[in-house]
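For reference, the structure is listed below as structure tokens.
The chains referred to below are lettered A, B, ... by the order of the sequence lines, with proteins before strands, and numbering in each begins at 1.
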Amino acid sequence: MIDESRLAKLAAIRAAGVLPYAERYERTHTLIEARDLAAAQAGDQAAAGQPVRVAGRVLTRRAFGKLLFLHLQDGSGRCQVVLDAGVVGEDSVARFQAWVDLGDHIGVEGDTARTKKGEPSIWARDWTFLSKALRPLPEKWKGLSDGEARQRERYLDLVSNPGTRERFRFRTQFVRAMRRYLDDHGFEEVDTPVLQTKVTGALARPFRTQHNAMDMECVLRIAPETWLKQCVAGGFDRVYEVARCFRNEGMSPAHLQDFTMVEWYAAYWNYRDNMDFTEGLILHLIDSLLGTRLVQVGDVRIDFTPPWPRVSMRDLILDACGIDYATLVDADALRAAIAAKAIRLEAEGLDRMSRGNLIDQLYKKVSRPALVNPVFVTDHPIDLSPLARSNDDDPARVDRYQLVANGWELINAYSELVDPLDQRARFEQQVSARGAGDEDTLPLDEDYLRCMEHGMPPMSGWGMGVERFVALLTGQDNLREVTLFPLLKPLDGGPGEPDDTAAPPAPAADGKPTEQAPAEQMSTEHRALLGAPADDLDDAGLSWTAARALFDEWVTTPSLRRQMEHASVVMGAMARARGANEAAWRVLGLLHNLDFDRVKEPERHCLVAAEALRAAGLHPAGIHAIAAHNDKGLSATGIRCLSVLDHAVSAAEAVVGLVHASSQVLPSKDVADLKLKSLVKRFHKAGFAANVERDLIERCAGAGFELEAFLALALEALQAESVS
RNA sequence: GCCCGCUUAGCUCAGUUGGUUAGAGCAACGGAUUCUUAAUCCGUAGGUCCUUGGUUCAAAUCCAAGAGCGGGUACCA
């Protein structure tokens, strides 16, 4: 809800000739710099201060009539500002009281000094209005605590909860420090594709999307792995990427669908070199950013003191439950051993599960939850690692490790598989596993194989979930707490909180306000199809050329083509008269009867077109406007003529028929000879051109035109068109 | 996907066994105040109790369905 009193203040500011939204403000100090200057002074405001210019958001205010204390906050932190009528003048203080609300931004020019009570402050000599806030800040003491609000309106969380600000600052510093460390150790940062044609680099389900121009389905990457290894093949000996990845899978506190992974690869290293380097990197990050190797997450204390144990998965499981999977060579034997130990795995489809998956499930059940302090879990079974190098002594396992802490997998690393024949065999095994019903397998990647066939150096690398690590180091148990704007379902404009982006419904032709049809009256597909009404469009979503091409493809009957072209002309004139987007309005006019040649039934007319127009990219509100001109035929869908644009399309399409009919009865049959007076007369003569729907023409009122003015506008536009 | 929980003023929260006109603090508005820092004091205004339907003489409260969010679990690496 926009605050009425704030709007009134905004108006008062404007009325006084002051810009409520300033263009810029020259700062000399951040608030913390200014505060530190003041703090360094003697404890008395009489002491000569430093002149400063600062700016920030007004967070608190304590007014004593002629003396006013406030706290400003900028990116550095907070500082108290004192507005003393004896210094800035009584007018200035009064203006502040009348104009400034908590949440506004102001600039302050003054001198640093302490107050009588010793608070480091800035004594204003002048202040400047910088930006008016129309909505209030959250509670000033307790901040914003509602979890959903904190995610939906993260800016409020950031403004009012210092802990949130610090956490996201930490994330920035973490990534920055990691980049610096990698840069300092000979790594080069690259960017590889997010939009790709093949699922590659990990075992996960992708998000799918459509590439229109190339007419093909694409996927968003689940990992940058194979691209980075191709970089190494190309001669980047050490390479890394801070890679946004997308996995279309279940949500949980430890899984995001849209997350950041850092991956690096180093030529000539194996996974043991990798572990050594990783221990150094992580300790560097922790030491430089936290200053302690003890991290508290909830009740759990995690100790990063090195060296971190390196334990094979086989030993971990053996220790935890006495099962040695190395002696159990097939899935059934392992299943029997698990059953014999009365261990209950909760996963589904256990009886069909492969040996590798069973080992993985067993590890997750009996071992991983107990791993609190960092551990390198090494030597995974080969089944689950199609891109990792198999062990030279034991081909059933791979040279791989995961860094685990707090029960979370933080890093996944291996000696990379660079043998193209082995890699091809692994891919083929994946493909046959898929054939056997395992959905999450890697498809054969011929491009990647080809690269490997050209020769890759031995190498090792890893991927780290940035959110997981940052969450761990900031003591959070949910990754959303370290994601600035996590994905949330949109709220439809509920009562008291209307959708700010939707245009208000325009008055109907009779001048009474209309209401949007109840959503439940529309079928789901129609609702999706028709979109929300709008009074104007910033962008039709479809160029004139593209619209013309559709028009040529769909509309063949000459009279219909003429009618639609004329409607476009009238729409253009209406847009000009209203100062609306002429190009967009013309497109709507040209396309409004797109499917009329193909669809004759009134209850389907416009629906077929709507589908095609949506596919072509036309703005949903434009589709709504076009469909609304047949709202009688489409009444079952619940669509109604609501916005200015809706009314405009109806009026334009109908008036064209009246003008045409009127000009046809003239001796010359030329629209140039048609007089407005006669057009008006024929409008009111019901028998004349009876199938021209007069009530549609009257919808011009809903687009802001008097009837007669609208007829004049349409006539003039069509006459101008016919001469040109 | 399934199970459980939460949703009351812009924010933070009360609200008894179903019972008068749904309350408080902050924020807002009016007033007092030249050293406050969660300022204080006096006064005013602010509500679709998430939505819809039901039970009842009576619903924020009970029931049902739906929405959003959270937690668990499964799928999934």
Quiz item: Taking atom P of B/rG71 as reference, at what distance in whole Å does atom CG of A/D146 sit?
Solution: 13 Å
Quiz item: Rounded to the nearest Å, what distance is computed from the CZ atom of residue A/R62 to the P atom of nucleotide B/rC35?
Solution: 13 Å
Quiz item: Taking atom OG of A/S121 and atom CG of A/L83, what is their separation to the nearest 0.5 Å?
Solution: 12.0 Å
Quiz prompt | Pairing nucleotide - B/rA65, Watson-Crick or G-U, each distance under 3.5 Å | solution = B/rU51
Exercise. Write down the distance separating the C1' atoms in B/rG31 and B/rG15, rounded off to the nearest Å.
Key: 32 Å
Quiz item: Rounded to the Å, how far apart are A/K489 NZ and B/rG68 C1'?
Solution: 8 Å
Self-check item: Non-neighbouring partners of A/E409 that pass side chain to side chain donor-acceptor pair (under 3.5 Å), sequence neighbours left out
Solution: A/Q402
Quiz item: What is the distance from atom CG of A/D360 to atom CZ of A/R355, rounded to the nearest 0.5 Å?
Solution: 12.5 Å
Self-check item: Under-4.0 Å salt bridge between A/D101 and A/K132
Solution: yes
Quiz item: Any idea which of B/rA27, B/rC35, B/rC11 is nearest the A/P138 side chain?
Solution: B/rC11
Quiz item: A/E481 has an atom CD; how far is it from atom P of B/rC69, in whole Å?
Solution: 15 Å
Exercise. Please state whether the rings of A/W462 and A/W264 are parallel, tilted or perpendicular, taking 30° and 60° as the class boundaries.
Key: tilted
Quiz item: Mind checking what makes side chain to side chain donor-acceptor pair (under 3.5 Å) contact with A/T378, not counting sequence neighbours?
Solution: none
Exercise. Can you tell me, in whole Å, how much space there is between the C1' of B/rU61 and that of B/rU16?
Key: 11 Å
Quiz prompt | A/I122 CD1 to B/rU37 C1', straight-line distance once rounded to whole Å | solution = 15 Å
Quiz item: For A/L7 and B/rG46, what is the distance between atoms CG and C1' respectively, to the nearest whole Å?
Solution: 16 Å
Quiz item: Counting side-chain heavy atoms from CB outward, which of B/rU37, B/rA38, B/rC11 is closest to A/W141?
Solution: B/rA38
Practice problem: Answer with base, sugar-phosphate or nothing: what part of the nucleic acid does A/N478 contact at a heavy-atom distance below 4.0 Å? | Solution: sugar-phosphate
Quiz item: Nucleotide by nucleotide, 5' to 3', does protein get under 4.0 Å of the base (B), only the sugar-phosphate (S), or neither (-) in nucleotides 29-34 of chain B, counting heavy atoms?
Solution: S---BB
Exercise. Using a cut-off of 6.0 Å, state whether more than 12 heavy atoms not belonging to A/E90 lie near its atom CD.
Key: no
